[in-house]
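First the proteins, then the strands, lettered A, B, ... as listed; each starts at 1. Because the structure is predicted, anything quoted here is derived from the model rather than measured.
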There are 2 protein chains.
Amino acid sequence: MTQAAGPAGSDTDAVISLTGRFADRDAWQAEGWCRIEHALELIGTRSAMILMREIYYGGRRFDDLARRTGLTEAVAAKRLKQLVADGLLQRRPYQDPGKRTRYEYVLTDLGRDLFPVLVALIQWGERLGRPGGVELVHVGCGSPLGVVVSCAKGHEVALPDTAARLVADGDGASAS
Amino acid sequence: MTQAAGPAGSDTDAVISLTGRFADRDAWQAEGWCRIEHALELIGTRSAMILMREIYYGGRRFDDLARRTGLTEAVAAKRLKQLVADGLLQRRPYQDPGKRTRYEYVLTDLGRDLFPVLVALIQWGERLGRPGGVELVHVGCGSPLGVVVSCAKGHEVALPDTAARLVADGDGASAS
DNA sequence: CTGTATCCCAGCGGATACTG
DNA sequence: CAGTATCCGCTGGGATACAG
């Protein structure tokens, strides 16, 4: 099967085997096609990632977030503002009875969806062998969390069984 | 239940519910306990991550890696050297018959284990909605890849069912 | 082809001081 | 408590030129 790009069927996508090289990689260059780079634009900094970590660990108020991450207030403020602007967090006012209005930072759906990335990072970080640290566990059974790579149909997938598909701008959208 | 740290059973680990705050978070501070930060020390830069991406896409030679990532040779060289030093990649000489010796960069086990992080990042990057891009698919069935958060026992886990466990230096190691 | 060496600038992130 | 303002050093990464 010729799975190299080209006039094979619709021109909206092409599948190229990763296991067997793929010379056409160069044709993809285009502009900013890479989703990893898109993702890194938002959480590509250390401060952004560990702030998100702290939010997952239950932090909500500016003070806690800054102290627990070890970031300076200046950096924490700047980064939190950016994370809110980017839609990962939401700044929400709330009021304890008898106290003055405070603000808390809570996850948006987009922010919640980042969780697997954090888990994958923690899992890999453990692999580095440096002792100590915090790990996440399943509350139900107490065993540590990790991520499993699988396809949308539920098959568990290993690295050699993967291929890259070029998704053109239009996006098929049709339930092919 | 007092699940805060302290003399509860062995002192090698403590479980703190994430869903219900956890006041003792501050007690953890210690030194460099965070695995995410360990991980980010090695792949926390844009160049490191997209070089790894390119390796997963099948790139092996310096020239290809530099061009396809869009990095300058200077940056690519520096980052590749670091990735080799950190044990994610291996620089291997090889020789096409009749040609002079060349070098290629190939994944080590540690580098291979980073794959789930990349997949999680791509999956989240797609969520950002910017059209176009490349996605990874399962060669067997053609559906796109993603990651699933699950515990070591195989249960699929959602965010509210997670807790954080402090792993002390000694590491129990005993098959408790 | 596979890098090295320089120059340069923007951004991250620490420190410190100050405001509502 | 929740930031803002300023200063400043470090590194990431682009550009360009050169080397084995």
Side-chain angles (χ1 to χ4, degrees), chain A residues 23 26 29 31-32 34 36-37 40-55 59-86 89-106, chain B residues 23 26 29 31-32 34 36-37 40-55 59-86 89-106:
Chain A
D26 288 309
Q29 224 53 309
E31 338 75 73
C34 179
I36 295 179
E37 291 178 78
L40 291 181
E41 274 174 39
L42 306 195
I43 38 110
T45 62
R46 193 186 89 104
S47 55
M49 200 66 97
I50 64 180
L51 277 169
M52 291 304 288
R53 173 201 76 193
E54 216 47 54
I55 297 271
R60 287 161 177 277
R61 296 216 313 280
F62 180 85
D63 194 36
D64 293 331
L65 295 174
R67 182 171 26 79
R68 292 174 181 171
T69 53
L71 297 169
T72 62
E73 292 95 342
V75 173
K78 180 177 172 183
R79 201 57 52 197
L80 282 169
K81 189 174 289 189
Q82 185 203 303
L83 288 170
V84 168
D86 288 342
L89 297 180
Q90 202 178 343
R91 189 160 169 275
R92 222 173 43 182
Y94 76 103
Q95 190 146 18
D96 282 342
K99 304 213 170 188
R100 86 167 162 348
T101 303
R102 297 247 192 87
Y103 290 90
E104 58 178 2
Y105 294 87
V106 296
Chain B
D26 288 309
Q29 224 54 307
E31 340 73 73
C34 181
I36 295 181
E37 290 178 80
L40 292 181
E41 273 173 39
L42 307 194
I43 38 108
T45 62
R46 194 185 88 106
S47 55
M49 200 65 96
I50 65 180
L51 277 170
M52 291 304 289
R53 172 201 78 193
E54 216 47 52
I55 298 272
R60 288 164 176 276
R61 296 216 314 280
F62 180 85
D63 194 34
D64 292 332
L65 295 173
R67 182 171 26 79
R68 292 173 181 171
T69 53
L71 297 169
T72 62
E73 292 94 342
V75 173
K78 179 177 172 183
R79 201 59 50 196
L80 282 170
K81 187 174 291 188
Q82 185 203 303
L83 288 170
V84 168
D86 288 342
L89 297 179
Q90 204 177 341
R91 189 159 170 275
R92 226 174 41 185
Y94 76 104
Q95 190 146 19
D96 282 342
K99 304 214 170 188
R100 86 168 161 349
T101 304
R102 295 245 193 88
Y103 290 91
E104 59 179 2
Y105 295 87
V106 297

Length of the line joining [X]:[atom1] and [N]:[atom2], which is rounded to integer Å:
| X | N | atom1 | atom2 | value |
| --- | --- | --- | --- | --- |
| B:Arg61 | C:dT2 | CZ | C1' | 10 Å |
| B:Lys81 | C:dT4 | NZ | C1' | 8 Å |
| B:Leu89 | C:dG3 | CG | P | 12 Å |
| B:Glu104 | C:dC1 | CD | C1' | 14 Å |
| B:Arg67 | C:dT2 | CZ | C1' | 13 Å |
| B:Leu83 | D:dG12 | CG | C1' | 14 Å |
| B:Ile50 | D:dG12 | CD1 | C1' | 12 Å |
| A:Leu80 | C:dC12 | CG | C1' | 15 Å |

Inset, instruction - Check every atom of D:dC1, D:dT4, C:dT4 against the side chain of B:Ala77 and return the nucleotide holding the closest atom. - result: C:dT4
When the side chains of residues 72-80 of chain A are checked against the rest of the protein, which donor-acceptor pairs come out under 3.5 Å, sequence neighbours left out?
unit_1	atom_1	unit_2	atom_2	d
A:Thr72	OG1	A:Val75	N	3.3
A:Arg79	NE	A:Ser47	OG	2.9
A:Arg79	NH1	A:Gln82	OE1	2.5

To the nearest 0.5 Å, what is the distance between [atom1] ([X]) and [atom2] ([Y])?
| X | Y | atom1 | atom2 | answer |
| --- | --- | --- | --- | --- |
| A:Glu104 | A:Asp64 | CD | CG | 11.5 Å |
| A:Leu51 | A:Arg46 | CG | CZ | 9.5 Å |
| B:Arg53 | B:Leu65 | CZ | CG | 10.0 Å |
| A:Arg68 | A:Ile55 | CZ | CD1 | 10.0 Å |

Inset, instruction - Verify the contact: side-chain N or O of A:Tyr103 to OP1 or OP2 of C:dG20, cut-off strictly under 4.0 Å; return yes or no. - result: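 Indeed not, no polar side-chain atom of A:Tyr103 lies that close.
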Inset, instruction - Look at the side-chain N and O atoms of B:Arg91 and state whether any lies under 4.0 Å from the OP1 or OP2 oxygen of C:dG3. - result: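 Answer is yes, contact under 4.0 Å.
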Inset, instruction - Could you go through the side chain to side chain contact (heavy atoms under 4.5 Å, CB included) check for B:Arg61 and B:Tyr94 one step at a time? - result: CA-CA 11 Å; B:Arg61 296 216 314 280; B:Tyr94 76 104; 3.0 Å; yes
Legend entry - Heavy-atom closest contact (B:Ile43 atom, B:Ala48 atom, distance):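 Looking at all heavy atoms of both residues, the shortest contact is CA-CB, 4.1 Å.
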Legend entry - Residue pair B:Asp86 / B:Leu42: nearest heavy atoms and the distance that separates them: OD2-CD2, 3.4 Å
Legend entry - A:Arg91 and A:Tyr105, any side-chain heavy atoms less than 4.5 Å apart: yes
Legend entry - Angle by which the axis turns from one end of the helix from C:dC1-D:dG20 to C:dG20-D:dC1 to the other, five pairs per end, to 10 degrees: 40°
I'd like a table of atom pairs between the protein and nucleotides 13-15 of chain C - only N or O on both sides, under 3.5 Å - with the distance next to each one.
unit_1	atom_1	unit_2	atom_2	d
C:dG13	OP1	A:Arg46	N	3.2
C:dG13	OP1	A:Ser47	N	3.2
C:dG13	OP2	A:Ser47	OG	2.4
C:dG14	OP1	A:Arg46	NH2	3.3

